[in-house]
Amino acid sequence: MNIPQSSFPRVVIIGGGFGGIALAKKLSKKEAQVVLLDMHNYHNFQPLLYQVSTGGLEPDSIAYPIRKVLQGYPNFFFRLANVEEIKTDTKRVKTNIGEIFYDYLVVATGSETNFFGNKGIETKGMAMKTIPQSLNLRSLILENFEQALLTDDLHERDALMNFVIVGGGPTGVELAGALAEIKKGILPKDYPDLDTRRAQINLVQGGDRLLPAMSAKASQKAEKFLEELGVNVWKNIRVTDYDGKRVSTNTKTIFDAETLVWAAGVKAVGLKGLDAEEMLCRGERLRVNHFHQIEGLEDVFAIGDVAQMESEDYPHGHPMMAQPAIQQGRNLGNNLVRLLEGRPMKPFVYKDKGSMATVGRNKAVVDMPNFKFQGVFAWFVWMFVHLYFLIGFRNRVVVFINWVYNYVRFDREARLIIRPFKKQNRVKRDNLIQD
Ligand SMILES: Cc1cc2nc3c(=O)[nH]c(=O)nc-3n(C[C@H](O)[C@H](O)[C@H](O)COP(=O)(O)OP(=O)(O)OC[C@H]3O[C@@H](n4cnc5c(N)ncnc54)[C@H](O)[C@@H]3O)c2cc1C
């Protein structure tokens, strides 16, 4: 990999997401050589992917070059590499660009969409976990409306304008709300010769409430907000299959829809060599102790979505969210410094700062540890927090200007089919671009 030899111990980090970046920042001024490997050369701010999918933001404004985050640190090296295997016996990482030795290894590979083995949904449905996938969804939505204009068949036209979003967590709720706003504010202007009132946005949730990880009040309010926006909320229904046109469920309800978005599950991004049965927990997460060390390995750590640290308060590990990943990255950074200095490491303690979701203009729900609120104020808090955590001054400015413009003009101008999308090529295309 052509990384210079150093007298400092080498820490290899796999993944430049929330956890990997937080860790690299902590270590980069310390006496360690830090090598960050990622298959993308950018950090992806996943919480705003749904805005890319729905034309509210350009992808560039939620992505940031990893090299730029850590510019100017002499002991920091980035390599664009797809990690293929970990060889713990020889302390080496095998990648598509060669192998690298580590003194300490940190796995921060995040999570990917979990289709639970359902091939129909995986090949015909849409996922929204990466920027290419969000762009695919944006293209498909717009192409479907263009296609709807061309057909005389009412049933086909309705199916082209029907959306089924599976999963009532924050991703499903936010996407459903954004699509409902497009239906109301944009489609009638863009497609005056199409009866866009017939477009249906269906949010299907397997459980008995939306946002199950949030308070009951937040769930109720989110559902009420969605219904006000005209979203059909279906609860206690599980989607069982999709053939590209028809969505089957475990009830008699079926949906004819050309677009199905799967937001009903994620699993950890695993790596060959770290897949022993005793290392893995539910969702293929890597079991780690309170110092982030992977079960049975003292010099290999895992943080963020890929890691499961069980405790009394979090028996199934921390939520797969940005805050746990960031806090774990920072704690591990401090611990590695302690380790290098021969001092004992400190166990990780998660500080829950709350969670939030937005449904649309002036409509959001926020659960803070001691304070829960919904509505306009919650929406402003949601915007402020997301702007704060976006990486890069330019991105913050661009997103802020876009939001103000969209708010004032009731518009979303990035509704562009830059890269046409063909559903039948979905898996091939996702693989080509992101894997
Ligand atoms: C649509 C969506 C909305 C979300 N909204 C919120 C929200 O509102 N609030 C919130 O807190 N959280 C939200 N999340 C979850 C949050 O984004 C994740 O919890 C967080 O990104 C986890 O951080 P991480 O560092 O573990 O992994 P990630 O940020 O996913 O980073 C993993 C990195 O590893 C790289 N990688 C993976 N495998 C390899 C490999 N083999 N070789 C090289 N590189 C590899 C990837 O390219 C990626 O850069 C959302 C997620 C999604 C998908």
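One-based numbering, in listed order, for ligands and for the atoms of each.
Remark: ligand 1 atoms within the under-4.0 Å shell around heavy atoms of Ala322 are 10 (C), 11 (O), 12 (N), 16 (C), 19 (O). For ligand 1, the atoms sitting less than 4.0 Å from at least one non-hydrogen atom of Met128 are 1 (C), 53 (C), numbered in the order shown with element in parentheses. Within ligand 1, counting atoms from 1 as listed, the ones closer than 4.0 Å to a heavy atom of Lys129 are 53 (C). Residue Gly304 approaches ligand 1 through these ligand atoms, each under 4.0 Å from one of its heavy atoms: 26 (O). Near Ala108, meaning under 4.0 Å from any of its heavy atoms, are these atoms of ligand 1: 32 (C), 33 (C), 34 (O). For ligand 1 and His386, the ligand atoms under 4.0 Å from any heavy atom of the residue are 8 (O). Residue His40 approaches ligand 1 through these ligand atoms, each under 4.0 Å from one of its heavy atoms: 47 (O). Numbered from 1 in the order shown, with element, the atoms of ligand 1 that lie under 4.0 Å from a heavy atom of Val269 read 38 (N).
Relative orientation of the His318 and Tyr314 rings is tilted, given thresholds of 30° and 60° on the angle between their planes. Ring geometry for Trp262 against Phe116 counts as perpendicular: the plane angle is over 60°, on a 0 to 90° scale with 30° as the lower cut.
At least one donor-acceptor pair closer than 3.5 Å links the side chain of Asn289 to the backbone N or O of Gln293. The closest donor-acceptor contact from the side chain of Asp411 to the backbone of Tyr405 lies at 3.5 Å or more, if one exists at all. The main-chain N or O of Lys26 is never found under 3.5 Å from a side-chain atom of Arg330 such that the two would form a donor-acceptor pair. For the pair Arg396 (side chain) and Leu390 (backbone), a donor-acceptor distance under 3.5 Å is present. The main-chain N or O of Ile186 is never found under 3.5 Å from a side-chain atom of Arg415 such that the two would form a donor-acceptor pair. The closest donor-acceptor contact from the side chain of His292 to the backbone of Ile303 lies at 3.5 Å or more, if one exists at all. Listed for the Thr358 side chain is a donor-acceptor partner under 3.5 Å among the backbone atoms of Lys363.
The shortest contact between atom 50 (C) of ligand 1 and any protein heavy atom is with Gln46 CB, 4.2 Å. Counting only heavy atoms of the protein, atom 23 (O) of ligand 1 lies nearest to Ala325 CB, 3.6 Å. For atom 31 (O) of ligand 1, the nearest non-hydrogen atom of the protein is Gly17 CA, 3.2 Å. Of the protein's non-hydrogen atoms, the one nearest atom 5 (N) of ligand 1 is Pro47 CA, 3.4 Å. The nearest protein atom to atom 41 (N) of ligand 1, hydrogens excluded, is given as Val83 O, 3.2 Å; this is a heavy-atom distance. The closest protein non-hydrogen atom to atom 27 (O) of ligand 1 is Gly110 CA, 3.2 Å. Ranking the protein heavy atoms by distance from atom 25 (O) of ligand 1 puts Gly19 N, 2.8 Å first. Ranking the protein heavy atoms by distance from atom 40 (C) of ligand 1 puts Met39 CE, 3.6 Å first.
For atom 22 (C) of ligand 1, the nearest non-hydrogen atom from the set Thr113, Thr130, Val306, Asp305 comes from Asp305. Closest heavy-atom approach to atom 43 (C) of ligand 1 among the candidates Ala81, Ala127, Gly15: Ala81. Looking at Leu23, Thr171, Asp38, Leu80 and measuring to atom 47 (O) of ligand 1, the nearest heavy atom belongs to Asp38.
If you look at Met320 next to ligand 1, the close heavy atoms, those under 4.0 Å, all belong to the backbone. Proximity of Asn44 to ligand 1, defined as any heavy-atom pair under 4.0 Å, is not found for any part of the residue.
When the shell of 6.0 Å around NZ of Lys91 is examined, it contains more than 12 heavy atoms from other residues, nucleotides or ligands. A 6.0 Å sphere centred on CZ of Phe8 holds more than 12 heavy atoms belonging to other residues, nucleotides or ligands.
Heavy atoms of Thr95 stay at 4.0 angstrom or farther from ligand 1.
When each of Lys267, Lys129, Glu284, Arg285 is tested with Ser111 by the rule side-chain hydrogen bond (donor to acceptor under 3.5 Å, both in side chains), just one qualifies, namely Lys129.
Looking at Glu99 and Arg92, a side-chain N of the basic residue comes within less than 4.0 Å of a carboxylate O on the acidic one, giving a salt bridge.
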